[in-house]
Amino acid sequence: MTAPDSATPLYLGLMSGTSADGIDAALVQFPERGGCRFVQGLTHAWDPALRAELVALGEGGELGSLDTLGRIDAQIGIAFAAAANRLLEQAGLDPTRVAAIGSHGQTVRHRPLADPAFTCQLGDSNRIAELTGITTVADFRRRDVAAGGHGAPLMPAFHLAMLGTADEDRAVLNLGGIANLTLIPREGTPRGFDTGPANALMDAWCERHRGVPFDADGAFAASGRVDEAVLAQWRSEPWFALPPPKSTGREQFHLAWAEAALEGRGLAPADVQATLLELTAATVADALLAHLPEAKRVLVCGGGVRNPQLLRRLSARLPGVVVESSAVHGLDPDYLEAMGFAWLAHRTLQGLPGNLPSVTGARGPRILGAIHLA
């Protein structure tokens, strides 16, 4: 834990991503001189039964009834509040010290190309405010969608503010359930977009065949061999050829999608894991080389930063590019997204926009989120 500055407000960010592997909670401060001071963080485990429902919904599963929707929305809000309260207890801080919570919620459906476009994040923020006693800002994505954008990715604005530089062309790569890039050129307009699957597919395959929720250190993938024919079939998915702005989720990239290319091939599970990992490395590299080939550095955050095999394969596909953790630049890679939603809450309370139209495709800058006062 870093001791907070008593003169600077605290913010608390809550984030659960596409993998639904836990609720990340981060306490941060934003000094007037700029930057982000990380105070403390933790990952709060989901109830296994609730997590199974969330994963199924994210993959396109249907809700049985409005009663089910209401129950799940409430349960997620209660879980997010529990994560926030647990973090404050561990930090020994009273809730009155926190100016606001920024809650992402749990994405259960994302349809930016539908007519009308929509995105849905569950997690009743009224309950978060009620159970924590802290003003809560949530529902960040739908205003951007209403303005013609994808509502995603939202982290490029935070990446630009914290990791932008005039010294070199660089990118920030978030390896969550889905991979997304923020492109920060020395000159020109910052951009950002999803590149395709990352941990969600690898985690699901690993859990099915190893009985564990993720591939520790990429060892399972490293024990297999890449099947080039399967990799080529996966890479031929038309979504990869779409121009930015673009975003995606489990509803597009799930195990049923991957398995369609496996029929009749008789691949060993380890070979499939190796090929899934290579798919992530290849599609990230393809996107970077297509849209910012001058990039000299890729700063990695998200759960994939803990997968050395994935980072090795990414480096192999990006010769001459430095691939390193965001920790090298002072931002904890495990909590970067939670920190980003704390920053979005800070922006909203200041009456400042939180989206980058050059990233999401929205008609202009928008103040994001709804405020629930304590």
Side-chain angles (χ1 to χ4, degrees), residues 11-18 20 23-26 28 30 36 54 58 73 76-77 79-81 83-84 98-112 117-129 132 134-162 172 174 176-178 180 182 190 192-194 245 247-249 301-302 335-373:
Y11 288 82
L12 197 158
L14 295 170
M15 172 69 193
S16 178
T18 311
I23 302 166
D24 291 332
V28 295
F30 303 107
C36 178
L54 298 181
D73 187 41
I76 296 171
F80 271 52
V98 180
I101 290 172
S103 174
H104 171 264
Q106 181 67 50
T107 298
V108 295
R109 201 58 49 90
H110 186 63
R111 301 287 196 223
F118 68 92
T119 188
C120 180
Q121 290 73 42
L122 298 183
D124 185 358
S125 43
N126 297 282
R127 290 179 185 269
I128 299 173
T132 62
I134 300 169
T135 293
T136 299
V137 187
D139 193 16
F140 290 101
R141 297 189 185 275
R142 290 198 296 170
R143 181 59 190 274
D144 186 271
V145 172
H150 278 240
L154 292 182
M155 287 300 96
F158 179 62
H159 296 159
L160 178 64
M162 301 299 158
V172 181
N174 176 52
I178 296 296
N180 51 69
T182 300
F193 50 90
D194 289 350
S247 55
T248 189
C301 59
Y335 296 105
L336 196 63
E337 279 199 284
M339 295 159 68
F341 280 94
W343 181 79
L344 285 174
H346 172 62
R347 298 278 295 181
T348 299
L349 292 181
Q350 288 186 316
L352 298 172
N355 64 336
L356 283 179
S358 63
V359 169
T360 67
R363 288 184 285 272
R366 294 292 188 270
I367 299 170
L368 305 180
I371 300 170
H372 302 270
L373 297 174

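Position 1 is the first residue of the sequence, and the numbers go up from there.
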**Q** Roughly how far apart are N174 CG and E337 CD, rounded to 0.5 Å?
**A** 4.0 Å
**Q** Rounded to the nearest 0.5 Å, what's the gap from CE on M155 to CH2 on W343? Could you check?
**A** 8.0 Å
**Q** Does a donor on one side chain sit under 3.5 Å from an acceptor on the other, for H110 and T119?
**A** yes
**Q** Identify the heavy atoms of L344 and G354 that sit nearest to each other, and give their distance.
**A** CD2-O, 3.5 Å
**Q** If you compare all heavy atoms of G123 against all heavy atoms of I128, which two are closest, and at what distance to 0.1 Å?
**A** O-CD1, 4.5 Å
**Q** Any salt bridge (charged side-chain N to carboxylate O under 4.0 Å, His left out) pairs touching residues 142-151, not counting sequence neighbours?
**A** D139-R142
**Q** CZ of F193 to NE2 of H150: how many Å apart, nearest 0.5 Å?
**A** 12.0 Å
**Q** Does the side chain to side chain contact (heavy atoms under 4.5 Å, CB included) test come out yes or no for H104 and R141, once each step is laid out?
**A** CA-CA 9 Å; H104 171 264; R141 297 189 185 275; 3.0 Å; yes
**Q** For the atom pair CG (L154) and OG1 (T360), what is the distance rounded to the nearest 0.5 Å?
**A** 7.5 Å
**Q** Looking at residues at least two apart in the chain, or sitting in another chain, which of them share a side chain to side chain contact (heavy atoms under 4.5 Å, CB included) with I371?
**A** T135, V137, T348, L349, L373
**Q** Looking at residues at least two apart in the chain, or sitting in another chain, which of them share a side chain to side chain contact (heavy atoms under 4.5 Å, CB included) with L160?
**A** I184, P190, L356
**Q** Mind checking the OG-CD1 spacing from S103 to I134? Nearest 0.5 Å is all I need.
**A** 12.0 Å
**Q** Ignoring hydrogens and angles, tell me if any N or O in the side chain of R363 forms a donor-acceptor pair with the backbone of A146 under 3.5 Å.
**A** yes
**Q** Under a 3.5 Å distance rule, please check whether Q106 uses its side chain to pair with a backbone N or O of G17 as donor and acceptor.
**A** yes
**Q** Please list, chain by chain and in numerical order, all residues satisfying salt bridge (Lys or Arg N to Asp or Glu O under 4.0 Å) with D124, sequence neighbours excluded.
**A** R127
**Q** Is any side-chain heavy atom of L368 closer than 4.5 Å to one of P353?
**A** no
**Q** So which atom in G361 and which in P245 form the shortest heavy-atom distance, rounded to 0.1 Å?
**A** CA-CG, 3.9 Å
**Q** How would you list, by chain and number, every residue that makes a side chain to side chain contact (heavy atoms under 4.5 Å, CB included) with D194, sequence neighbours excluded?
**A** P153, I178, N180, W239, S247, T248
**Q** Between L54 and I76, does a side chain to side chain contact (heavy atoms under 4.5 Å, CB included) hold up when you go through it step by step?
**A** CA-CA 9 Å; L54 298 181; I76 296 171; 3.5 Å; yes
**Q** Going by the rule ring pair (Phe, Tyr, Trp, His ring centres under 6.0 Å), which residues pair with H346 if we only count those two or more places apart in sequence or in a different chain?
**A** Y11, F30
**Q** Working to the nearest 0.5 angstrom, can you tell me the gap between L12 CG and F80 CZ?
**A** 11.5 Å
**Q** Do the side chain of N355 and the main chain of G364 share a donor and acceptor less than 3.5 angstrom apart?
**A** yes
**Q** Search all heavy atoms of A83 against all heavy atoms of A25 and return the closest pair with its distance.
**A** O-CB, 4.2 Å
